[in-house]
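These numbers were taken from a predicted model, which means no experiment stands behind them. Start at 1 and go down the list; that is how both ligands and their atoms are numbered.
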Amino acid sequence: MASLIGRDLLSLADLSASELQQLLELASQLKSKQLQVQCNKVLGLLFSKASTRTRVSFTVAMYQLGGQVIDLHPNVTQVSRGEPIEDTARVLDRYLDVLAIRTFAQQELETFAKYAKIPVINALTDLEHPCQILADLLTIQEKFGSLSGLTLTYVGDGNNVANSLMLGCALVGMNVRVAFPSGYAPDAEIVEKARAIANIHQTQVLLTHDPEIAAKDANVLYTDVWASMGQETEANNRFPVFQPYQISAQLLSFADPEAIVLHCLPAHRGEEITHEVIEGSQSRVWDQAENRLHAQKALLVSILGGE
Ligand code: CP
Ligand code: NVA
């Protein structure tokens, strides 16, 4: 069993290649019920942004492990009335065993992790979405049997999902290409980190403005919303710029014929992906969403221990 006992997961780069592979293996064993684990602990969810999948999959994962969950929306805690993060973190860690946080600034998450003695999990920030990528890699592994040497192409905004995907793909020995409009590049420091990891595996991290070049012969096409949570006011200005970066049947025709299509969801049909493609035979988005449950259960067991 992967042992990440007591560790935080703030970035996918917190994991080594073998720790990530072991997490995926554990997730697969838990999904197939080859392994049954109990973990009678308490998870707190502190989410400042909306969530369907992350909130529900973490909750169900903990229930299935025999543990419990407390949903701590900032509006119902003193956080909304200005209690400092440093204080909140040092109080919550006296009650909880693990805390999953969804917020805006990565810095806020890091401050929580610095002051809380319990493990802190990044349940999405503006910079990264590591839990999503655990499920994505599990879904790709289920389709292709192994990950090493495959090529994933992400088309759209260089956002939190794109950042974590670059790190995740690099760690498992996949090639990753990101096609984005000018001005919407992924985070430069993360690109550098992903390239350093990819060098070890002799794989490629390619950034381009050309979605067709990026999609050519890819094994996985992936997209996400053009305006993330917190960017709603920019949405109207972004749409014309992002139009050429839609996953359509036309773009999919450049990929390998066996390619699968992923989207972290929620999806906006007619914007970043067409109705035809998301509902089409190559789409794996529902398996991908289900895998959030199995991947996060593996993460919780690895961090908290189980019996
Ligand atoms: N993909 C994802 O994180 O979905 P939610 O925002 O619904 O949690
Ligand atoms: N990039 C999106 C992902 C949602 C799961 C956002 O941050 O809103």
Measure the distance from [atom] to every protein heavy atom, then report the residue, atom name and distance (to 0.1 Å) of the closest one.
atom	answer
atom 2 (C) of ligand 1	Arg292 NH1, 3.3 Å
atom 7 (O) of ligand 1	Thr52 N, 2.7 Å
atom 4 (O) of ligand 1	Arg53 NE, 2.8 Å
atom 3 (C) of ligand 2	Asp224 OD2, 3.5 Å
atom 8 (O) of ligand 2	Met229 N, 2.8 Å

Between [Y] and [X], is there a salt bridge with N-O shorter than 4.0 Å?
X	Y	answer
Lys49	Asp126	yes
Asp157	Arg238	yes
Arg90	Asp87	yes
Glu19	Arg7	yes
Arg55	Asp71	yes
Glu258	Lys143	yes

N/O to N/O below 3.5 Å, does that happen between Cys264 and ligand 1?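 Checking ligand 1 against Cys264, an N or O pair does fall under 3.5 Å apart.
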Tell me which part of Thr54 gets within contact of ligand 2: side chain, backbone, both or neither, using heavy atoms under 4.0 Å. neither
Proximity to ligand 1 by part of Arg102, non-hydrogen separation under 4.0 Å: side chain
In terms of atom number and element, which parts of ligand 2 are under 4.0 angstrom from non-hydrogen atoms of [X]?
X	value
Asn160	1 (N), 2 (C), 6 (C), 7 (O)
Leu124	3 (C), 4 (C), 5 (C), 7 (O)
Asn159	1 (N)

Worked verdict on Asn159 versus Gln231 for side chain to side chain donor-acceptor pair (under 3.5 Å): CA-CA 11 Å; Asn159 62 16; Gln231 299 170 333; over 6 Å; no
Hey, which atoms in ligand 1 end up nearer than 4.0 Å to a heavy atom of Leu265?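 Numbered from 1, ligand 1 contributes 1 (N), 2 (C), 4 (O).
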Report, in ascending order of atom number, the atoms of ligand 1 lying under 4.0 Å from any heavy atom of Ser51. 5 (P), 6 (O), 7 (O), 8 (O)
Hydrophobic clusters here meaning ILVMFWY residues chained together by side-chain heavy-atom distances under 4.5 Å, can you tell me if Leu167 and Tyr154 are in one? yes
Are Leu127 and Leu9 co-members of a hydrophobic cluster defined by side-chain heavy atoms under 4.5 Å apart?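 Yes, one cluster joins them.
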Nitrogen or oxygen atoms of Lys49 and ligand 2 under 3.5 Å apart: no
Can a non-hydrogen atom of His129 be found less than 4.0 Å from any atom of ligand 1? yes
So is Leu124 close enough to ligand 1, meaning a heavy atom under 4.0 angstrom away? no
Any chance the rings of Phe180 and His209 have centres within less than 6.0 Å? yes
Hey, is Leu265 one of the residues with a heavy atom under 4.0 angstrom from ligand 2? yes
Tell me if the CD atom of Gln68 is crowded by more than 12 foreign heavy atoms within 6.0 Å.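 Atom CD in Gln68 is not packed in, count stays at 12 or less.
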